[in-house]
Colleague: 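Following this message is one structure expressed as structure tokens.
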Amino acid sequence: VAQHRLWKEIDHLVKQEVSMARLGVGECGTGWQLFAEDGEMKMYRREEEIDGMVVDPLKAVHVVKGITGHELCHYFFSPQYRYDWETTLETMQVVETIADDTLIFQQTHKRIWPASQRDCLFWSHLRRLPNDQDTEGPDMWTVVNHSTEHTDYPANTGKCVRIFLTVCLLCQTQVDPPKDGAPISRDNITCKITYCSVVNPGGWAPASVLRAVYKREYPKFLKRFTSYVINQTKNKSIMF
Ligand SMILES: O=S(=O)(CCO)c1ccc(-c2ccc(C3CCCC3)c([C@H]3C[C@H]3c3ccccn3)c2)cc1
């Protein structure tokens, strides 16, 4: 059922990204190397280059108590919160509202010396993934971001080099109801998070610099983002 011009591309890519995200790092072949660990958060990368450019795929897994997958995906998708948690952002705008669950963003990121400044243009799609019969518990939620084109924002016309990215945030909520039949509180919920990203820098940037940036920025990003959502939701009713 085509609901808008991007529907077919989005639906195909979401299904592909979600199935890959659900594969553990063991299953999807060797090559994943653990490069950062902090409590429940584990970050893996594969060292890959295209035309001499670093495009290391990243896969992070994390477990966070007190929030749901719906809440995480809501704060990740919604533009109004982005400047609060995305520290490498210089500017962000919604270029087009395709649907209430599908936006096109244009972002410029802070310049990483000595590389030139980067910008990205991507569609962002938020989706609830109904559980199949045998997996009980709340549904899974995902946000997929994928580079796209837009006539008003041609690539590489201004000072920024256009990067190409595919990102998938996949969340599964687990509820452990209290023994005494009390209502479910935030102490009874846990969210399992898988964050996958592939960023092509779009033009030359020193491999050593990029790998150092990724090593520093990705753990910081996931910790900062999850703490932000915990803080934003702690006094609010639970959004399953
Ligand atoms: O998950 S999202 O969709 C959230 C929406 O913002 C996302 C995440 C990351 C990026 C991004 C884009 C460009 C760069 C680099 C590449 C060459 C020079 C700039 C980096 C490097 C800077 C690293 C980084 C890692 C994690 C978070 C932010 N920054 C990251 C874009 C979107």
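First listed ligand is number 1; within each ligand, the first listed atom is number 1.
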Colleague: Flag the pair Arg211 and Asp56 as a salt bridge only when some basic side-chain nitrogen lies within less than 4.0 angstrom of an acidic carboxylate oxygen.
Modeller: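 A salt bridge links Arg211 with Asp56.
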Colleague: Can you see whether Ser197 engages Tyr218 through a side-chain donor-acceptor pair at a distance of less than 3.5 angstrom?
Modeller: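 Indeed, the side chains of Ser197 and Tyr218 share at least one donor-acceptor pair under 3.5 Å.
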Colleague: Would you name the heavy atoms of Thr102 and Phe77 that are closest together and state the gap between them?
Modeller: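 Distance-wise, the nearest heavy atoms are N-CZ, 3.8 Å.
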Colleague: Table please: side-chain donor-acceptor pairs of residues 157-165 below 3.5 Å, with sequence neighbours left out.
Modeller:
residue	atom	partner	partner atom	Å
Lys159	NZ	Gln117	OE1	3.3
Arg162	NE	Asp119	OD1	3.0
Arg162	NE	Asp119	OD2	3.4
Arg162	NH1	Tyr153	O	3.2
Arg162	NH2	Asp119	OD2	3.1
Arg162	NH2	Tyr153	O	3.2

Colleague: Which pairs of N or O atoms, one from ligand 1 and one from the protein, are separated by less than 3.5 Å, and what is the distance for each pair?
Modeller:
residue	atom	partner	partner atom	Å
ligand 1	1 (O)	Tyr195	OH	2.7
ligand 1	3 (O)	Asn145	ND2	2.9
ligand 1	6 (O)	Glu86	OE2	2.5
ligand 1	6 (O)	Gln107	NE2	3.0
ligand 1	29 (N)	Thr88	OG1	3.3

Colleague: Going by the angle between their ring planes, with limits at 30° and 60°, are His146 and Trp123 parallel, tilted or perpendicular?
Modeller: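 Judged by the thresholds at 30° and 60°, the geometry between His146 and Trp123 is tilted.
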Colleague: Are the aromatic ring centres of Phe35 and Tyr44 under 6.0 angstrom apart?
Modeller: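 Between Tyr44 and Phe35, which both carry aromatic rings, the centre distance is not below 6.0 Å.
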